[in-house]
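Below is one structure, written out as structure tokens, with a few remarks after it.
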2 protein chains.
Amino acid sequence: MKAPLVRSPRKAKGQGGERREEILDAALSLFTRDGLHAVSTRQIAEAAGISQPALYAYFATKDDLIADLCVRAFATLSARMAAAKADWTPSQACFDKAMRVYIDFGLENPDAYRVAFMIEKSHDGTFLARTGGRAMQAGVEAFGAFLGMVADLQAHGLTLDDDPERLTQTLWAALHGLVSLLVARPEFPWVERESLIAAHIAMLRRGALRPG
Amino acid sequence: MKAPLVRSPRKAKGQGGERREEILDAALSLFTRDGLHAVSTRQIAEAAGISQPALYAYFATKDDLIADLCVRAFATLSARMAAAKADWTPSQACFDKAMRVYIDFGLENPDAYRVAFMIEKSHDGTFLARTGGRAMQAGVEAFGAFLGMVADLQAHGLTLDDDPERLTQTLWAALHGLVSLLVARPEFPWVERESLIAAHIAMLRRGALRPG
DNA sequence: AGTGATAAGTTATCAGTGATAGATTATCAC
DNA sequence: GTGATAATCTATCACTGATAACTTATCACT
């Protein structure tokens, strides 16, 4: 029993670049409300005020449209990481802050996060190569800022693991685990979320950085 | 371009309990080969040697069938954790060993692990809710063995977080992150796997347990 | 203004999906 | 045998993502 979104009145044609963004906006709104696989291309088209086949003039497939939303989302992650880098110093406090930025992004953009890191690779590898790969690449690129921070910490002798790449991967994995489980299993009887996140970050800090 | 599985010859009817298991076996085999969302109920039925609507005599929905596979996978993990508890002592060495058991399970049973922990939830939450939480219950059971070990460590004053449930959840999340990323993104340029796993466990030990 | 090219959008339709209805067959107690 | 019951079938539904073929709006250029 979902209340249908109001259909936009048919727009004038030939607005080229804008229409593509309108479709993405409409799709994001529906995906956020109903979930990725519960939204059909017909619903997206109706919300965007065009016919369903018209979507395929802008996006080769539905997955392609989703990947575009992912790239969009990870652009915001990149922006946040850049902002976090603005007042960066190689310190424990900044380490905590950087971890927090990543976790918050994942929790606030669960669909984009899922597409980038949690979707099964298809057997023939088509999705990852053509579509999911773009999303994952955007995610890894945004995460590259993390590697820079870890390398900086290591350069100042603050890390316990002397291989910054390996340390970055273990930290990434640990962060991803928390985000993906919270996203995929919200029904699990988690302890209070803020407390869990804080404890997780504290554990990673103790395990990764020299005390003091 | 998928080679279809050979259709099983039609079995005698009325074998009740066995047929359900046969369907689950066929489904897991197909899911393993082609991925969850690429396998249709018709393919499952054909591999099981029955007609497609016959599935619905055993499973209310496709998600229900998947949930049953979930229960199976969780049960396997529970058995492994129980076995690991046999020669348990509250020590750093046993902590490391327990972490290793979990990671090894995930890497040795990537398909079961995917089914258990990496399936996309349906947005309305019916996936885990509709089976009366059977999958979740099996998950909590496997989780329980883990919680027991952490609680024992905490009782002996070895942990840095005084809330064993919260600590268990952060450790679980960190382990899950490594396993799920290695399983879902094997093409990523990871550092050498054994080194990565060892560094991950070492980081978790330092972050969770008192030094010494 | 008129004309043709092009871009954008349309209707009609496809094969495949999960799921349901109703007829049909096998099995078993009597 | 016979009826009841359980298991399974065929036929079909509404819906999905995607494609083909046709139509219309827009614009540069005569």
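Keep in mind that the numbers below use all heavy atoms, side chains included, and drop hydrogens, waters and symmetry copies. Naming: A, B, ... by sequence-line order, numbering from 1 per chain.
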Please report, to 0.1 Å, the donor-acceptor pairs under 3.5 Å made by any side chain of residues 143-154 of chain A, with sequence neighbours excluded.
| unit_1 | atom_1 | unit_2 | atom_2 | d |
| --- | --- | --- | --- | --- |
| A:Asp152 | OD1 | A:His156 | ND1 | 3.4 |
| A:Asp152 | OD2 | A:Trp88 | NE1 | 2.7 |
| A:Gln154 | NE2 | A:Asp162 | O | 3.3 |

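- Atom-to-atom, CG of B:Asp64 to C1' of C:dA19 comes out at 13 Å; the value is rounded to the nearest Å.
- A:Ile44 places a side-chain heavy atom less than 4.5 Å from the side chain of A:Phe31.
- For the helix from C:dA1-D:dT30 to C:dC30-D:dG1, the rotation axes defined at the first and last 5 base pairs enclose an angle of 10°, given to the nearest 10°.
- With rounding to whole Å, A:Tyr56 atom OH is found 15 Å from C:dT10 atom P.
- Atom CD in A:Glu46 sits roughly 15 Å away from atom C1' in D:dT16 (whole-Å rounding).
- The residue among A:Ala57 and A:Gln52 whose nearest nucleotide of DNA chain C is located toward the 5' end is A:Ala57.
- For C:dG16, its base never sits under 3.5 Å from the side chain of B:Arg42 at any donor and acceptor pair.
- Between B:Arg19 atom CZ and D:dA6 atom P the separation is 17 Å, expressed in whole Å.
- Counting only distance, with no hydrogens or angles, the side chain of B:His176 and the backbone of A:Ser180 share no donor-acceptor pair below 3.5 Å.
- Across C:dT10, D:dC9, D:dG17, the shortest atom-to-atom separation from the side chain of A:Thr41 is found for D:dG17.
- For B:Ser51, taking side-chain heavy atoms from C-beta onward, the closest of the listed nucleotides C:dG18, D:dA18, D:dT10 is D:dT10.
- Computed from coordinates, the A:Phe59 CZ to D:dT19 P distance equals 15 Å when rounded to whole Å.
- When side chains are defined from C-beta on, A:Gln169 counts as touching B:Trp190, because their heavy atoms get closer than 4.5 Å.
- Distances shown here put a side-chain N or O of B:Ser40 below 4.0 Å from the OP1 or OP2 atom of C:dT17.
- When rounded to the nearest whole Å, the span between CD1 of B:Ile44 and C1' of C:dA19 equals 13 Å.
- Pairs engaging residues 71-85 of chain B under the salt bridge (Lys or Arg N to Asp or Glu O under 4.0 Å) rule: B:Glu21-B:Arg72, B:Asp25-B:Arg72, B:Arg80-B:Glu108 [sequence neighbours left out].
- Crowding of A:Gln52 atom CD: a count of heavy atoms from other residues, nucleotides or ligands under 6.0 Å exceeding 12.
- Residue A:Tyr58 has a polar side-chain atom (N or O) positioned under 4.0 Å from OP1 or OP2 of C:dG9.
- To the nearest angstrom, C1' of D:dT8 lies 14 Å from CD of B:Glu22.
- Residues B:Asp161 and B:Asp163 form a side-chain contact, since some pair of their non-hydrogen atoms from C-beta on lies under 4.5 Å apart.
- Remark: P of D:dG17 and NE2 of A:His37 are 12 Å apart, rounded to the nearest angstrom.
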